Structure formats: structure tokens, C-alpha cells
K.L.:
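One structure, pasted below without further comment.
These numbers come from the heavy atoms of this one structure, side chains and all, not from hydrogens, waters or symmetry mates. All figures in this text were calculated on a predicted structure; none of them were measured in a lab. In what follows, chains are A, B, ... by sequence order, proteins preceding strands, each numbered from 1.
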2 protein chains.
Amino acid sequence: MNHIFKALNDQTRRDILMLLKEKDLTAGEIADKFSISKPSISHHLDILKRADLVYSEKKGQFVHYSINTTIIDDILQWIFNLKN
Amino acid sequence: MNHIFKALNDQTRRDILMLLKEKDLTAGEIADKFSISKPSISHHLDILKRADLVYSEKKGQFVHYSINTTIIDDILQWIFNLKN
DNA sequence: TTATTATTTAGATATTTGTCTAAATATATA
DNA sequence: TATATATTTAGACAAATATCTAAATAATAA
């Protein structure tokens, strides 16, 4: 859970997940939605990837990112477990 | 959600929540379960409190801590929202 | 009142983190 | 091939974080 909570502990990364929830986007499209540099966004995407919260697939010169809902269930289970 | 994810982004704090899930404990009892100093535990408890993840109540010279499951539901809702 | 116990606060320090610019890599196009 | 576009990597730096020891605060007991 360490990588997951680390990944979620940043507003920009949470915003990226919200965007990818709606539809898949390329790295550049994601970067365009924020006012921070492309390398910084690339770094955030790397952290999300290490946490398995997103997938990435290279198509030509673009890299397409999508959310991984499988991991979401793991988080839900961990949080839910706190309740009883 | 910022304070909550920040609070959850630490193994010691997550372990404290797991302990408090089982039963209420005083600050000292919590500190005894870890190999870090009491001031450090006090600091972790403060972060958990700021995130509303725990309550604290002073009884005599002791401070009793307990988990706040109300906030857990907020987290569950936030995570669940990522799925659709 | 004095001493003891429980907890927090203050201040210091090493590590981690988010950001930047510049450079590197990879693909597409003229 | 040469150029343009998309993305990542490298290296630097300021801010945030987890930890420590020492001191302060508060409550109990002798």
C-alpha cells in the first residue's frame, strides 16, 4: 500500500486520475491541463505507474495513459478494513 | 482530502490506525508498540487528529485516542468515485 | 510542596519530494 | 537525411517530512 498512498498524496496526481477516469489521454494532453512543466507531469505519471494506478501504452510517438481500476478495489478493501 | 491522504501516507500512522481499530489506547500505550520516540508518536497522532482520522480525550494525566470511522466513509466515497 | 509520570512543544537535522531547465531519446514528416 | 514533435531522463534546488533530544506543561502521589 506504500506506493499507492504515496501516489495519492498529491493534488496534481489525484487530478490526473480524475481526468483519466473520464477518458484515456496522452502524456501531452494531460500536461496541457496543468500549469506545471511537462517533465513534472511525466514524473507524476511515473509515480502513478509505479503504484499501478495507471497503464501506459506507446502508440507511435505518443504515450497513451489510462486508469487501472483493479487497484482501486485493493484500496477500497484496505480502507474498508479500518471500519471493523 | 489533502489532510487525509497526507495522514495515510506513512506506515507508522497506518499502523496506529490499525491498532486503534481494535481498541482505544492512550498516547503512551501507542508509543510502547513502536520503536520510535514518544515525541515522534505524538507528532504522528497530531497529524492523524488534524485529518480527523482519530479523536483524543484527556482523562487525568492520560490522553485516550480512538479512531473516527465517520471520515473513513468519506475516503471510501472518494476512492469509489474513481471507478465510474 | 516536591517528586514522579504522561504527554506535548521546540528546535535541529537528514531525507524525501515537487518543481524547474537543459539534454537525451524516439518517432514522424518534408 | 534533416527537421519537427512527443516524451522522458538528468541534475539542481527549495520546501516538506520524519525523526531525534531537551525542555515545557499538566496531573498525580509522597
K.L.:
Can you pull out every ring-ring contact (aromatic ring centres under 6.0 Å, His included) where at least one residue sits in residues 18-41 of chain A? Sequence neighbours excluded, please.
P.N.:
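Applying ring-ring contact (aromatic ring centres under 6.0 Å, His included) to every pair that reaches into residues 18-41 of chain A, excluding sequence neighbours, yields nothing.
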
K.L.:
Output a table of donor-acceptor pairs, distance under 3.5 Å, between side-chain atoms of residues 9-19 of chain A and any protein atom two or more places apart or on a different chain; print 'none' if there are none.
P.N.:
unit_1, atom_1, unit_2, atom_2, d
A:N9, OD1, B:K6, N, 3.2
A:D10, OD1, A:T12, N, 2.9
A:D10, OD1, A:R13, N, 3.0
A:Q11, OE1, A:R14, NH2, 2.9
A:Q11, NE2, A:D15, OD1, 3.0
A:R13, NE, A:A7, O, 2.8
A:R13, NH1, A:H44, ND1, 3.1
A:R13, NH2, A:K6, O, 3.0
A:R14, NH1, A:L8, O, 2.7

K.L.:
For the helix from C:dT1-D:dA30 to C:dA30-D:dT1, measure the angle between the helix axis at one end and the axis at the other, each built from five pairs, rounding to 10°.
P.N.:
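Helix axis angle between the two ends: 10°.
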
K.L.:
Tell me, which of residues 43-54 of chain A have any heavy atom that sits under 4.0 Å from an atom in DNA chain C?
P.N.:
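Under 4.0 Å from DNA chain C: A:H43, A:H44, A:I47.
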
K.L.:
Is it the case that over 12 heavy atoms from other parts of the model lie below 6.0 angstrom from the NE2 atom of A:H64?
P.N.:
yes

K.L.:
Please list all pairs passing the salt bridge (Lys or Arg N to Asp or Glu O under 4.0 Å) test where one or both residues lie in residues 49-72 of chain B, with sequence neighbours left out.
P.N.:
B:D46-B:R50

K.L.:
Hey, could you give me the NE2/CG distance between A:H3 and A:L48, rounded to the nearest 0.5 Å?
P.N.:
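Here the interatomic distance stands at 13.0 Å.
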
K.L.:
Between A:I41 and A:A31, which heavy-atom pair has the shortest distance, and what is it?
P.N.:
CG1-CA, 3.9 Å

K.L.:
Please work out which residues in residues 13-33 of chain A have a non-hydrogen atom less than 4.0 Å from an atom of DNA chain D and list them by number.
P.N.:
A:T26, A:A27, A:G28

K.L.:
Please tell me if the side chains of B:L20 and B:I30 come closer than 4.5 Å, counting only heavy atoms from C-beta onward.
P.N.:
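Yes. Closest side-chain heavy atoms under 4.5 Å.
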
K.L.:
Name the atoms and distances for all side-chain donor-acceptor pairs under 3.5 Å in residues 69-81 of chain B, with sequence neighbours left out.
P.N.:
unit_1, atom_1, unit_2, atom_2, d
B:T70, OG1, B:N68, OD1, 3.1
B:D73, OD1, A:K83, NZ, 2.7
B:N81, OD1, A:K21, NZ, 3.3

K.L.:
First contact, last contact: which nucleotides of DNA chain C are these for chain A, 5' to 3', heavy-atom distance under 4.0 Å?
P.N.:
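For DNA chain C, the relevant span reads C:dT17 to C:dA28.
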
K.L.:
By side chain to side chain donor-acceptor pair (under 3.5 Å), which residues pair with B:S37, not counting sequence neighbours?
P.N.:
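Expected list: B:S40.
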
K.L.:
May I ask you to list the residues of residues 55-65 of chain B, by number, that have any heavy atom positioned under 4.0 Å from an atom of DNA chain D?
P.N.:
B:K58, B:G60, B:Q61

K.L.:
Output yes when at least one side-chain N/O atom of B:S37 is less than 4.0 Å from OP1 or OP2 of D:dC20, else no.
P.N.:
yes

K.L.:
Could you say whether A:P39 or A:D10 is positioned toward the 5' end of DNA chain C, judged by the nucleotide with the nearest heavy atom to each?
P.N.:
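Between the two, 5'-proximity favours A:D10.
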
K.L.:
On a heavy-atom basis, which atom in B:I4 and which in B:A51 lie closest, and how many Å separate them?
P.N.:
CG1-O, 3.9 Å

K.L.:
So, taking the atom named OG in B:S42 and the one named CD1 in B:I36, what distance separates them when rounded to the nearest 0.5 Å?
P.N.:
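It comes to 11.0 Å.
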
K.L.:
Could you pull out all residues at least two apart from B:Q61 that satisfy side-chain contact (heavy atoms from CB on, under 4.5 Å)?
P.N.:
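For B:Q61, no residue satisfies side-chain contact (heavy atoms from CB on, under 4.5 Å) once neighbours in sequence are set aside.
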
K.L.:
What residues, two or more places apart in sequence or in another chain, satisfy ring-ring contact (aromatic ring centres under 6.0 Å, His included) together with A:Y65?
P.N.:
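If we apply the ring-ring contact (aromatic ring centres under 6.0 Å, His included) test to A:Y65, skipping adjacent residues, there are no hits.
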
